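So the structure is just underneath, and the comments pick up after that.
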Amino acid sequence: MYILDLSILLVSAKSLEWLFEKKDIHPIVAHVLTGIVLGPFVLNIVSPGEELKVLSEFGLIMMMLYTGLTSNFATIATNKIKAIVVASFGVAFSFIFGFSTVYYFGKYGLAAAVFAGAVLGNTAIEVTSGVIMRERTERDVSSILMGAAFTDDIIAVYLIGVITALARGEFNLPSLGILTVKIAIFIGSILLVSEYFFKRSKKISSIIRDSNTFFTFSLILTFFLALLAEEVGLNRIIGAYLAGLTISRLRERKDPLIISRIKLNELIGELQVVLTEFFIPLFFIYVGLIFHPEVNDINLILIVLLYFAAILGKLIGCSFGMKLFRFGWDKAILVGIGMGGRGSLELAVLKFGLESQLINQTLFAAIVIVSMLTALTTPIFFKSYLLRVKHKV
């Protein structure tokens, strides 16, 4: 029966995605909306069964691998200090606004408020890169935007570790200190290995020369690091993301024949079709399927407040970070707007939070809606403000 459900979901999601693409609406919105409409919340045609859950979990792992592969580690080097400062202020303000909204708005508790602040602190790199690709922006703005979005991902990796500890009831100052050290050692060790093995070592050449061997090696590394992440007390998606990120460093190799870059692009191309057409949509569809709060529990005021917390947190925080480096208000606000989108990583963490009972369906529903709204409105706001800036010039 789940084969029929799978067929209905994928055909509906891809059809809606095709319609949305004409309006420049992000595919994530189409996929989540498909799950919401066909799932228990609206039509109740498809239920989130165990088979779909397993496929969505695999899709999540593969999505994090793909996100890592398509992240350019070198982009942050162009304006690394500026990108780190801008991203840090954006995360800090978004966290404060998100935490305060949830903590003071209702009786959700401290853990739920910390969770909401952490989720809203991240920027979706896929939304930011999509905005930059569609709109012509000055190089200093685009490099800071991509560098800051990349830094956001690293900060998000740390916050996911904190959230995982929170879910296990291990959230206190001594354990937080230990967790921070463990995360730093884990990430630092993997990036150190990537520096010498993927960027400099000649041994990797024999692996990447054959496409099938390279593909198999990438999958083995992904699942190994996912399991290793769980062993050290982190979430498996951290390991999958870092696997992709380390492999992506092949594009930094000094290779006169650019074979490393060619093979990396081939791997991304091979993964892209099966992931973007099957596994990644399935994950977001499943997020929509488990979206089934009671209609009376959908709090429109909370959604509006969280949306403004998400948008204003990035706008104020990132703009402030840009002003520290004496950028003009136009560029500062442009970066603040460009960093406003949320997407894949947020929904992955949301799903974990719901299953771990850190948040209830009401808060889950509110943040899912906010994430989709930011993915919808960020490109619109960015384009409108960019046109305004160009007209002023």
Side-chain angles (χ1 to χ4, degrees), residues 20 23-29 32 67 82-102 116-135 137-138 140-156 159 302-323 327 329-350 366-389:
F20 279 13
K23 301 293 182 182
D24 282 338
I25 297 174
H26 201 280
I28 287 175
V29 179
V32 176
T67 303
K82 294 172 185 175
I84 291 169
V85 170
V86 168
S88 299
F89 275 107
V91 170
F93 274 81
S94 297
F95 178 87
I96 291 167
F97 288 177
F99 172 86
S100 302
T101 301
V102 174
V119 171
L120 292 177
N122 187 241
T123 291
I125 196 167
E126 69 273 14
V127 177
T128 304
S129 60
V131 163
I132 292 170
M133 285 172 63
R134 281 193 290 267
E135 311 298 336
T137 57
E138 293 183 32
D140 56 347
V141 171
S142 61
S143 65
I144 290 173
L145 267 173
M146 286 307 295
F150 176 85
T151 305
D152 255 21
D153 274 358
I154 299 298
I155 296 172
L159 292 176
L302 177 63
I303 291 168
V304 171
L305 289 175
L306 282 175
Y307 174 75
F308 280 110
I311 294 296
L312 292 177
K314 291 296 180 184
L315 181 61
I316 295 171
C318 295
S319 297
F320 180 73
M322 289 287 285
K323 289 300 292 179
F327 281 96
W329 278 112
D330 285 341
K331 288 184 178 180
I333 292 173
L334 203 58
V335 169
I337 293 171
M339 291 289 287
R342 272 61 167 189
S344 54
L345 193 56
E346 294 72 39
L347 294 178
V349 179
L350 270 178
I367 303 178
V368 166
I369 293 169
V370 168
S371 294
M372 289 198 295
L373 285 174
T374 58
L376 274 169
T377 57
T378 295
I380 297 170
F381 293 157
F382 191 87
K383 184 176 182 179
S384 300
Y385 194 80
L386 188 61
L387 286 172
R388 181 184 169 188
V389 170

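Fair warning: this is a prediction, and the values are worked out from it, not measured in the lab. We use all heavy atoms of the structure for the numbers below, so side chains are in, but hydrogens, waters and symmetry mates are not.
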On a heavy-atom basis, which atom in [X] and which in [Y] lie closest, and how many Å separate them?
| X | Y | answer |
| --- | --- | --- |
| Ser319 | Gly336 | OG-CA, 4.1 Å |
| Val370 | Ala310 | CG1-CB, 4.1 Å |
| Ala309 | Thr101 | CB-OG1, 3.9 Å |
| Gly90 | Cys318 | CA-SG, 3.7 Å |
| Ser94 | Gly121 | CB-CA, 3.7 Å |

Give the intermediate values and the outcome of side-chain contact (heavy atoms from CB on, under 4.5 Å) for residues Lys331 and Ile144.
-> CA-CA 10 Å; Lys331 288 184 178 180; Ile144 290 173; over 6 Å; no
Separation of [Y] [atom2] from [X] [atom1] (nearest 0.5 Å):
| X | Y | atom1 | atom2 | result |
| --- | --- | --- | --- | --- |
| Ile337 | Leu145 | CD1 | CG | 10.5 Å |
| Leu302 | Ile367 | CG | CD1 | 8.0 Å |
| Lys323 | Phe320 | NZ | CZ | 11.0 Å |
| Ile311 | Met339 | CD1 | CE | 12.0 Å |
| Ile28 | Met372 | CD1 | CE | 10.5 Å |
| Leu120 | Leu350 | CG | CG | 8.5 Å |

Do Thr374 and Lys314 come within less than 4.5 Å of each other through their side chains, counting heavy atoms only?
-> no
Hey, are the side chains of Met322 and Trp329 touching, using non-hydrogen atoms and a 4.5 Å cut-off?
->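 Answer no - side chains too far apart.
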Just jot down the side chain to side chain contact (heavy atoms under 4.5 Å, CB included) partners of Leu312, sequence neighbours excluded, or say none.
->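 If we apply the side chain to side chain contact (heavy atoms under 4.5 Å, CB included) test to Leu312, skipping adjacent residues, the hits are Phe97, Phe308, Leu315, Ile316.
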Could you check Val102 against Leu306 for side-chain contact (heavy atoms from CB on, under 4.5 Å), going step by step and ending with a plain yes or no?
-> CA-CA 8 Å; Val102 174; Leu306 282 175; 3.9 Å; yes
Going through the distances and angles, do Phe327 and Val335 end up as a side-chain contact (heavy atoms from CB on, under 4.5 Å)?
-> CA-CA 11 Å; Phe327 281 96; Val335 169; over 6 Å; no
Quick one: salt bridge (charged side-chain N to carboxylate O under 4.0 Å, His left out) partners of Lys82, sequence neighbours excluded?
-> none
Side chain to side chain donor-acceptor pair (under 3.5 Å) partners of Ser100, counting only residues at least two apart = none
